[in-house]
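We number each residue from 1, following the sequence as shown.
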Amino acid sequence: QVQLVESGGGLVQPGDSLTLSCGASKRTTSNNGMGWFRRAPGKEREFVAAIAWNGDNILYSDSVKGRFTISRNRASGSVYLRMDSLKPEDTAVYFCAASRSAVAGTSTTGYRYWGQGTQVTVSS
């Protein structure tokens with residue numbers, strides 16, 4: 001069983017930056033695509049960003065494109081989400097997930113393992 005643990009969430013002001021990290025309990029995720037999702041209060045979980053096993057095939061949702069950057073370190077098994085120019089509408093619980101394959105898509109059904117989430121609150 002692979003366990004994913006997110007960290008780096010917190011309370012920030014609009015326009016600030018934040019970097020989320022996701023660590024895996026096993027290095028098996030180094031051959032899997034990885035993704036970030038989020039769930040805002042009262043809303044469904046939505047796709048944020050994804051990255052393939054080798055760092056290619058990067059995808060972003062339209063709402064974060066140009067502001068967020070996903071990256072990974074295969075050696076450590078960690079995945080990161082750099083978030084710039086944060087907006088109040090980015091407030092959500094952010095989840096890290098490991099894909100069922102070497103690439104990662106936008107649907108939750110394509111992911112096998114999930115972290116517990118980390119809260120990001122953007123407020124003045």
Side-chain angles (χ1 to χ4, degrees):
Q1 182 76 13
V2 174
Q3 290 186 324
L4 303 177
V5 180
E6 304 93 338
S7 61
L11 172 63
V12 296
Q13 294 186 340
D16 284 353
S17 297
L18 204 59
T19 298
L20 305 182
S21 300
C22 173
S25 61
K26 294 182 179 181
R27 284 194 181 179
T28 52
T29 57
S30 64
N31 294 322
N32 293 74
M34 300 292 292
W36 286 95
F37 289 75
R38 67 186 182 186
R39 184 175 64 229
K43 294 187 177 181
E44 297 291 320
R45 190 174 303 196
E46 67 171 0
F47 169 76
V48 176
I51 188 169
W53 72 280
N54 60 355
D56 290 341
N57 299 100
I58 291 177
L59 303 173
Y60 295 103
S61 68
D62 288 342
S63 61
V64 307
K65 194 174 297 182
R67 299 188 298 121
F68 290 13
T69 304
I70 188 172
S71 61
R72 68 183 302 164
N73 182 325
R74 289 191 68 215
S76 66
S78 297
V79 181
Y80 307 96
L81 185 68
R82 165 78 177 187
M83 305 184 292
D84 294 317
S85 303
L86 282 162
K87 305 175 181 180
E89 50 263 45
D90 293 318
T91 295
V93 177
Y94 284 72
F95 300 89
C96 171
S99 172
R100 299 176 187 277
S101 70
V103 294
T106 62
S107 173
T108 58
T109 58
Y111 293 81
R112 181 177 183 182
Y113 299 109
W114 293 83
Q116 294 299 308
T118 184
Q119 176 70 47
V120 173
T121 303
V122 185
S123 175
S124 56

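The hydrophobic clustering, which links ILVMFWY residues whose side-chain heavy atoms are closer than 4.5 Å, places Phe68 and Ile58 together. At a threshold of 4.5 Å between side-chain heavy atoms, the hydrophobic network of Ile, Leu, Val, Met, Phe, Trp and Tyr places Tyr111 and Leu59 in one connected group.
For Val93, the side chain to side chain contact (heavy atoms under 4.5 Å, CB included) partners two or more places apart in sequence, or in a different chain, are Phe95, Gln119. The salt bridge (charged side-chain N to carboxylate O under 4.0 Å, His left out) search around Asp62 returns Lys65, not counting sequence neighbours.
The closest side-chain heavy-atom distance from Thr19 to Leu81 is not below 4.5 Å. Two residues are said to be in side-chain contact when any heavy atoms from C-beta on lie closer than 4.5 Å; Asp16 and Val122 fail this criterion. Put simply, the side chain of Leu18 does not reach to within 4.5 Å of the side chain of Tyr94, judged on heavy atoms. A heavy-atom distance below 4.5 Å is not found between the side chains of Pro14 and Leu86.
Rounding to the nearest 0.5 angstrom, the gap separating the CH2 atom in Trp36 from the CG atom in Leu20 is 4.5 Å. Atom NZ of Lys87 and atom OG of Ser63 lie 8.5 Å apart (nearest 0.5 Å). Here Tyr113 contributes atom OH and Cys96 contributes atom SG; the two are 13.5 Å apart, rounded to the nearest 0.5 Å. Summarising the geometry, atom CH2 belonging to Trp114 is positioned 11.0 Å from atom SG belonging to Cys22; distances are rounded to the nearest 0.5 Å. Atom CE of Met83 is separated from atom OG of Ser17 by 9.0 Å, given to the nearest 0.5 angstrom. We find the OG1-OH distance between Thr106 and Tyr60 to be 15.0 Å, quoted to the nearest 0.5 Å.
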Can Met34 and Ile70 be said to form a side chain to side chain contact (heavy atoms under 4.5 Å, CB included), step by step? CA-CA 9 Å; Met34 300 292 292; Ile70 188 172; 5.5 Å; no

Test Tyr80 against Asn73 for side chain to side chain contact (heavy atoms under 4.5 Å, CB included), laying out the working first. CA-CA 8 Å; Tyr80 307 96; Asn73 182 325; 4.2 Å; yes

Should Arg74 and Asn54 be marked as a side chain to side chain donor-acceptor pair (under 3.5 Å) after you check the CA-CA gap, both sets of side-chain angles, and the distance that decides it? CA-CA 8 Å; Arg74 289 191 68 215; Asn54 60 355; over 6 Å; no

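Across every non-hydrogen atom of Gly23 and Ser78, the tightest pair is CA-OG, 4.3 Å. What you find for Phe37 and Gly105 is that their closest heavy atoms are CZ-O, 4.4 Å.
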Hey, can you pull the donor-acceptor pairs under 3.5 Å for the side chains in residues 40-53, sequence neighbours left out?
{"unit_1": "Glu46", "atom_1": "OE2", "unit_2": "Arg38", "atom_2": "NE", "d": "2.6"}
{"unit_1": "Glu46", "atom_1": "OE2", "unit_2": "Arg38", "atom_2": "NH2", "d": "3.1"}

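No donor-acceptor pair closer than 3.5 Å links the side chain of Gln13 to the backbone N or O of Ser123. Panel note: side chain Thr118, backbone Gly9; a donor-acceptor pair is recorded below 3.5 Å.
Residues Ser107 and Thr109 have side chains that bring a donor and an acceptor to within less than 3.5 angstrom of each other. Between the side chains of Ser99 and Asn32, no donor N or O sits under 3.5 Å from an acceptor N or O.
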